[in-house]
Engineer: 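Let me give you the structure first, and then I'll get to my questions.
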Amino acid sequence: MVFLHQQNPSRKRPSSFIPPFPQPKIPKSSSSTTTTTTKKPPQSQNEAVEDNQVSSSSSSSSVDKLVSILADAGCTLINPSGPPCLPSDHHKFRNHLNRLFSSSDTAPALRSDFLSGFSSYINLQQNFRRVLAFSKRDGFGAKRSESLVRQLLLVPAIQLDLQIMLLEKLPEYFDTNSVDSRTTLSLVDDVARLIIDQFRWLDFVVDPNTFTDKLLQVVSICPLHLKKEIIGSLPEIIGDQSSNNAVVGSLDQMLQEDSEIIVPVLDAFSNLNLDEMMQEQVISTALSCIRTIDGEHIPNLLSFLLLSATPQNVRRIISQIRQQLKFVGMSNSSRSSQQRKLKGKSLVDNTEASILDALRSSLLFKNMLCQEVLKELSSVEKPQDHKVIDIWLLILIYMNGKSMQKSVEKILKKKIVESCIREDMIDQCICGNKELVQDYFPWFLSLSEHLLACKEQKARDFGIHIYICLFGEFGDTYFRQEVLGALVTHVGSGVSFEVNSSLNTMALLASKYPQELIPLSAHINGILDYLEGFCMEHLHKVYEVFSKLALAARSSTYCFGSSIADELLMIIRKQVSHPDMKYKKMGLIGTLKVVSCLGDINNATRASPSQKSNCEEALELLRTSLDSCKQLCLPLVLFYDELTTIMLHKKLQPEIVEWVGKHAGEFESKFLSDLQGGQLPGEDSYCGLEGELWMNLDGDISPICLSILSLSSSSLQSTSSLQVLPANFLLLSAVERLTNQGSLSGIDALLGCPLHLPSSKYFSEAGWQSLTAKQKQIVCLSLYYAANWIRELLNAFCTQVTGRFECTSQATQMDIIVKLLKRLRNLVFLENLLNNCIKCHPLSLPELHLQVDNSGTLLLNKANNRVHFEKNGEHKKTQDNKHKKTSKESSSDPNGKLRQPTILDVLRKTGAVTSQDVSNEESTSQSSKGQTFIPADQDSCNSTGLISLEVSAVAKALEAQRFKFRPLHVQCYSLLMFSNNQKSCCLDPAVELPLYLYLLRDLHNKLDYFMPPGKQFSATCLSAPAGFTRMTLQEFLSNVRPLFPNLRRHFDNAIFVLKEGDGTCEDHWNVHSASAGNPEVASIVFSKSVVSTLAFKEVLHSFSKMLNLIDVQMHKSVLSDLLEAFQPREVSENVFSGLQHSPSPGTIEYLYLGASSFIEDALDMACSFSFMLASESLLTLESVVTSVQTILDKSETNGKGIHSPSIHRILPNLRSRLGTSAQKLLSHNWDSEHLENGWKNKGEIVQKILQIYLENSESKSDLLDKLACSILPAVSSSGTTVEDDHLGFPTLCNATFIVWCRVLHEGNIAILNKLVKEIALFMKPRAAVQIEAVEKHLIKIQKSVNVVVSLVNLCRTHDKVTVRAMSVKYGGKFVDSFLKVFDFLQAHFQTHNELIIQLVTELQKATRTIQTLCSEAKGSKQTAITSKIPATKRSMERFLFRVKALFHSTSSGCTFWMGNLKHKDLTGQVVSSQAYADDQNNNFDEDLAEAVEEDQPISVASEDGETE
């Protein structure tokens, strides 16, 4: 033993090491001599030798005692073959030692000797390893058992001393791994780990606190690998017997010093038994480490945090993770540079992948986390607070199952629409992270599929961006096939906006990745299966995709590249040659789209010997298409229109432009005739009709004329070339502009040349009667083609006055402007004349452009057409109901295009039908077989036999077929800027006002296309007019924006004419009409007041609609220009009343206030002329307020101010002035001449005015109380009031009484519903409830009850069925809403019982009346009332039992009786005959008042039993 003691082990720590703890205090015994000797320093070498010898002998003696004690217990310590041999019965062995060291008289000495011997024995590393190693049982087998140290640690008497001894030995073996840090010793060879392993899972710990303190002291100085081992094993070592506060504090301190131990610390925290306070401290510590620890440890940290979440702290944990976790922070540039450095190595960041796995597993393990994450994301409002990790969290939740997918889709769409989640964030997620995103590819694809199917444009654009990113990032065939397959599925959905978005995506892919798409073209060929259901816009997109692929395929190196182009060309050639118009249309669109790609000057390539050049291929396609449709008008029109569009938007190769120019040059030989001295050489008869030159602006110098009459007469026998005339001329003008630097000087003779039309004598009464049906048809067609010719002249030559062309002089431009204004006057004249002819001789006009019917898209004018037919159908149906002798066929629509009767109201609400369109009844009773001229009105023919034309009237007969006309282009609105009135004898603005009115009406119709669709009317039902579909709102506004000041000028002129009256120079219109070449074929009815009134309305309509366009509101410059155009000449100081600070001139606030002041002035002026004008002004003023409110809503949604942040300050001012203006209209004393047919048919506008008055008053409830309780009861059933002047509201009369009742009923219920919501918020748990607030709510309820009682009791003085039906309907709805406040009444009954009882008692007055109304309606079988009785009865029954429950549940002792009603009428008289006894038996008292008045009063019992 001495020899072993003197050995110097190689792995033992040097003796200079000073342990951090004092030596263990071994009990004093015979070994005390040894202890004393070791404390004295050696005086010399001989003395030291003597001391060592003494020490060795003492150690040998203590070891012998150790061996003896263990041997007595059955353990053989000295085992040459291995570890000590333990007895088979471990429990007996431990009990023996425990009794020996604790119960016997010599226990302290034996315990001391044993510990001293054990300490001496383990000084040798070899011995130490033996006692730490696993022993074998008695040699009966090789079965492993526990070590000797482990068994000794389970002896309570010596456990603590052994624990301290072992911990003190631990630092000697810290450096066992320092020889080679790259390798790790096994557990058998690593003494330090063997020591720690002895402490795991002990059955008990005698002194856990002391042991834990010592252990933590050792841990603080351990090397990193051992520190991690011990910290991770802490829960197994100390168990639940120790106070964990010290453990948490020590680990927290260690974690701050060294973040490398985060993983074992988190493991320890997870397995320790901590109270709530300590758990919160641990979570706070972990949250603080998110930013500081290495990325490789973040997954463990996130898992710990999320799995430790509780309902109390989960939101804080999620919020901190979102804010502090930097995820996918590497920029694209750094990723690309890293990619170059790694040279093909995997770029996947294992840390990011591990983070996603940790988040996903945590979310999957705890369902609560998914809900809380979604709530947290929903609560984040500011766009700058959203991070990339938010997208990943949504993706991970989306993966967890279908139950959460709807919520994720809803939140994601909301965030995208609000611009909180942006495209650059998805770029950070996908771009450069192929390996990371690969596992999540199906879920990204699924979300993009959902977004592309959304109605919101922003959401669809975001879905398109995801598709593009996925296709670009994943180059593998599988992934790209998945993307294309999803897009093809969208195309087959049949939903217009979804199809459009998917095709836009494919077009972007074809532009960005044409070569990559060529091998995958087979996967998108499925789109061709849906061609029959596509509209024109979709067909363009489809062929754009395939044209780009075909172009790329011609230069592709793929062996199958040329086959794609050949296949596409084969398809479109088959379609073009198909006899069916539907397929021919597809082929023409496809052909011209291919031509636009192949013929582009940028795509000119040299052809190989075996292949045609792109230009040659394009020319061949053009020739083939033209040959296939030469004999068909509509396909040829489509061909010309599409080719014109290509010419204007593409720069084609010179050979193609030359070919088009040669073909367009044939226009002269087809449609023009030469003149000699301003006259036709010969006077021929065309089907018995004489011709005449109309509208010659160039006089005798005009060399040509347009041969309309001759071509119209010949068109009855063959296909008319006049159908192609407008499209052919449009193509000719496009070629001329393209080849002449934008100038039309080469064809300017066409602008002023005359038109050869039927003689003017046929438009007299005698002349018209002399015509046959065939001749009348020729006359109508000639006028129709002439009107459309002039439309195309305006479209072409208006480009010469809107642009700047160096080759066009100012004099030439002025001459063109004069001629354009004359042509516009010709157009107004021709359409009015054609309208009268169509009335007399109904005729289906030929279409001048191809319609889009197969897709289900309804053009705007076609919608108006259906409205026209619908009104005719309704009129016929009314006649059928009256006479009941008309056959069913006569009341049906001959064209089969009748729609639901409600479409008229829907169109009127959405603005598709103006007030002028439906203000008067149409004359539809003319027979199509009549041969005589039947005027539309009584005054259509005057005494001279000339047709009477009203200049300003809407061409109602033409409106039904307006969709067939050629459209006016936006450039034509530039004519609003010009005037030719300077050469008149006096300046009369009314002379040109009808011309501007014509343009304003067209502008109004085009604005309807850009207006947001109504809830009941989809956007597809109001598509753009023909030729207008490809213009975006931004392009439209850029063309209309310069016209804002001119709208104001025409508005001022209309007001000037209204003020001046009809007495100035009535001859001016005729003079200007004659100068424009209009023949004197009609008596012109020209009312200046009517024209100015209509112009007044149209300007206000256009201003209102433009003001509420989203793009106008979002662009400050456009909005400022529009508002600035409608500013008063001087802004009054009263406009700024109520504002603390007046806005500065030029700001948005100032302009809004100024515009509202301008409209108010117009309203004041309109009150002197027309009720309808004044109401239009009020509606425009409301649109100003709506525009401000929309801007504020958008600002709050986007989290930033679009305009000035103080714009909200002017909203109360604008609302107040709007309410005052509405009151002004209601209180104005209107003369009969200003009402336009009295109050008949004005109920809708009165209802709107009254609603505006109520909604914008200072106190809506007070105003309702005044109107319902004071004003309306004073109106008798005859429409007169008791007091003078209708109590200040002349608009309240017998004709409008029902409207007033309805509005007040609806307003009162709206107030009560709003009050219910306020009370619901008020009833939420609070610290204290204010009595004043309760009384305030009760008073509001009382006012609402008073209003409904007063309105219901109006039935006692007004016996109209409609009034009674409204009382039953709205009374039941009021009771139903009133039931929702019963919880509030019950909660505060003790303190406000009198007020609540008064509420219930007052409401019974209304329920009594309603009960009587129901009884009388059943008796008289008034179906208008009986249909509303069941719902009302249910509400009143619920009210009865809620009242009973209220008094029963309160502790005030209230008594409740319920009895039967007597059968009374509305006057209160008892009805003697009980004819409806069955009904009466079931009609028990449905409200408290019946029981109160008829039987007994409510008895409120006091404490002493008395009643009051």
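Remember, it's a predicted structure, so these values are computed and weren't measured experimentally.
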Engineer: For side-chain contact (heavy atoms from CB on, under 4.5 Å), just list the numbers for L725 and L711, CA-CA rounded to whole Å, side-chain angles, deciding distance to a tenth of an Å, and then say yes or no.
Structural biologist: CA-CA 10 Å; L725 169 64; L711 295 174; over 6 Å; no
Engineer: Quick one: pull up OG in S1104 and NE2 in H1101 and give me the separation to the nearest 0.5 Å.
Structural biologist: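 So the OG of S1104 and the NE2 of H1101 are separated by 8.0 Å.
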Engineer: As a quick check of understanding, evaluate side-chain contact (heavy atoms from CB on, under 4.5 Å) for F763 and V779, giving each step before the final call.
Structural biologist: CA-CA 9 Å; F763 296 95; V779 170; 3.5 Å; yes
Engineer: Taking R966 for the side chain and A787 for the main chain, is one N or O donor matched with an acceptor at less than 3.5 Å?
Structural biologist: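 Flag not set: sc R966 to bb A787 has no pair under 3.5 Å.
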Engineer: Restricting to non-hydrogen atoms, name the atom on L975 and the atom on L824 that form the minimum distance, rounded to 0.1 Å.
Structural biologist: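 So the two residues come closest at CD1-CD2, 4.2 Å.
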Engineer: I'd like to know whether the aromatic ring centres of Y996 and F1051 sit less than 6.0 Å apart in this structure.
Structural biologist: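 Distance test on ring centres: not under 6.0 Å, no.
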Engineer: Quick one: does any side-chain atom of R1049 pair with a main-chain N or O of L976 as donor and acceptor, under 3.5 Å?
Structural biologist: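 Yes, because the side chain of R1049 sits within donor-acceptor range (under 3.5 Å) of the backbone of L976.
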Engineer: Check for a donor-acceptor pair, side chain of S743 on one end and backbone N or O of N740 on the other, with a separation under 3.5 Å.
Structural biologist: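 Checking the backbone N and O of N740 against the side chain of S743, no donor-acceptor pair under 3.5 Å is found.
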Engineer: Assess the pair W789 and F965: is the distance between their ring centroids shorter than 6.0 Å?
Structural biologist: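 Ring-ring flag for W789/F965: false, centres at least 6.0 Å apart.
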Engineer: Considering only heavy atoms from C-beta outward, does the side chain of Y762 approach that of K776 to under 4.5 Å?
Structural biologist: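 Answer no - side chains too far apart.
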Engineer: With heavy-atom distances below 4.5 Å as the criterion, would you say the side chains of C753 and C705 are in contact?
Structural biologist: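 No - every pair of side-chain heavy atoms lies 4.5 Å or more apart.
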Engineer: Check this for me: does any side-chain nitrogen of one of E831 and R791 sit under 4.0 Å from a carboxylate oxygen of the other?
Structural biologist: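 Result for this pair is yes, salt bridge flagged.
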Engineer: I need the C972 SG to L1003 CG distance, nearest 0.5 Å.
Structural biologist: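 Going from the SG atom of C972 to the CG atom of L1003 covers 12.0 Å.
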Engineer: If every non-hydrogen atom of S712 is compared with every non-hydrogen atom of I778, which pair is closest and at what distance?
Structural biologist: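 So the two residues come closest at CB-CG2, 4.2 Å.
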Engineer: Are the charged groups of K956 and E959 less than 4.0 angstrom apart, N to O?
Structural biologist: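 Answer for the salt bridge query: no.
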Engineer: Side-chain contact, heavy-atom cut-off 4.5 Å: P754 with L706?
Structural biologist: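 No, every pair of side-chain atoms sits at 4.5 Å or beyond.
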Engineer: Parallel under 30°, tilted from 30 to 60°, perpendicular over 60°: which one fits the rings of F797 and F729?
Structural biologist: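 Parallel: the ring planes of F797 and F729 meet at under 30°.
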Engineer: Between S979 and E992, do the side chains contain a donor N or O and an acceptor N or O under 3.5 Å apart?
Structural biologist: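 Result is yes, a qualifying pair exists.
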Engineer: Should N788 and E792 be marked as a side-chain contact (heavy atoms from CB on, under 4.5 Å) after you check the CA-CA gap, both sets of side-chain angles, and the distance that decides it?
Structural biologist: CA-CA 6 Å; N788 283 280; E792 289 301 343; 6.0 Å; no
Engineer: Looking at K964 and E847, is there a salt bridge between them, counting it only when a charged N and a carboxylate O are closer than 4.0 Å?
Structural biologist: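 Salt bridge absent between E847 and K964.
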Engineer: Mind listing the closest non-hydrogen atom pair of K839 and A957 along with its distance?
Structural biologist: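 Here K839 and A957 meet closest at CG-CB, 3.9 Å.
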Engineer: Please answer whether the main-chain N or O of G767 pairs with a side-chain N or O of S764 as donor and acceptor at a distance below 3.5 Å.
Structural biologist: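 Checked: pair present.
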Engineer: Any non-hydrogen side-chain atom of M695 less than 4.5 Å from a side-chain atom of I790?
Structural biologist: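 Counting from C-beta outward, M695 and I790 do come under 4.5 Å.
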Engineer: Can you name the closest pair of heavy atoms from L995 and L821 and give their distance?
Structural biologist: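 That would be CD1-O, 3.9 Å.
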Engineer: Is the side chain of Q800 donor-acceptor paired with the backbone N or O of I816 at a distance under 3.5 Å, no angle test?
Structural biologist: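 The answer is no, because no donor-acceptor pair under 3.5 Å joins these two groups.
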Engineer: Just do the side-chain contact (heavy atoms from CB on, under 4.5 Å) check on R823 and V818 with the steps written out, would you?
Structural biologist: CA-CA 9 Å; R823 286 304 184 198; V818 171; over 6 Å; no
Engineer: So H756 and E692, do their side chains get closer than 4.5 Å, heavy atoms only?
Structural biologist: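 No, too far: nothing below the 4.5 Å cut-off.
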Engineer: Looking at CG of N826 and CG of N1078, how far apart are the two atoms once the value is rounded to the nearest 0.5 Å?
Structural biologist: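 Output value for this atom pair is 4.5 Å.
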Engineer: Just verifying a value: how many Å separate K1059 NZ and M1165 CE, rounded to the nearest 0.5 Å?
Structural biologist: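 Between atom NZ of K1059 and atom CE of M1165 there are 6.5 Å.
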Engineer: Return yes if some donor-acceptor pair links the side-chain N/O of H849 with the main-chain N/O of F963 below 3.5 Å, else return no.
Structural biologist: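 Indeed, once roles are kept as given, a pair shorter than 3.5 Å links the two residues.
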Engineer: Do any N or O atoms from the side chain of W694 and from the backbone of P758 form a donor-acceptor pair under 3.5 angstrom?
Structural biologist: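 Looks like yes, one N/O pair under 3.5 Å.
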Engineer: Going by heavy atoms in the side chains, are L1100 and S1177 under 4.5 Å from each other?
Structural biologist: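 Yes, at least one pair of side-chain atoms sits under 4.5 Å.
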Engineer: Is it true that K819 and D748 make a salt bridge, defined as a side-chain N closer than 4.0 Å to a carboxylate O?
Structural biologist: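 A salt bridge is absent here (no side-chain N lies under 4.0 Å from a carboxylate O).
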Engineer: Nearest heavy-atom pair of A1166 and F1096: which atoms, and what distance?
Structural biologist: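 Closest approach of A1166 to F1096: CB-CZ, 4.5 Å.
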Engineer: Is there side-chain contact between P846 and Y785, with at least one heavy-atom pair below 4.5 Å?
Structural biologist: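 Answer yes - side chains close enough.
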Engineer: Does the D674 side chain pair with the main chain of I704, one donor and one acceptor, at a distance under 3.5 Å?
Structural biologist: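 Checked: no pair found.
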Engineer: Would you call E1060 and K1088 a salt bridge, using N to O less than 4.0 angstrom?
Structural biologist: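 K1088 and E1060: not salt-bridged.
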Engineer: Would you find a donor on one side and an acceptor on the other, under 3.5 Å apart, between the side chain of D1161 and the backbone of P1128?
Structural biologist: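 No: the side chain of D1161 does not pair with the backbone of P1128.
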Engineer: Is the backbone N or O of M1172 less than 3.5 Å from a side-chain atom of S1175, with the two atoms forming a donor-acceptor pair by type?
Structural biologist: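 It does hold such a pair.
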Engineer: What are the two closest heavy atoms between A796 and L744, and how far apart are they?
Structural biologist: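 That would be O-CD1, 3.4 Å.
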Engineer: To the nearest 0.5 Å, how far apart are CG in L968 and CG in D1002?
Structural biologist: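 It is 5.0 Å, given to the nearest 0.5 Å.
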Engineer: Nearest 0.5 Å, please: how far is OH in Y998 from CZ in R825?
Structural biologist: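 One finds 14.0 Å between CZ of R825 and OH of Y998.
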Engineer: Taking the side chain as C-beta and beyond, is there a heavy-atom pair between L843 and Y784 under 4.5 Å?
Structural biologist: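 The answer is no; the side chains never approach within 4.5 Å.
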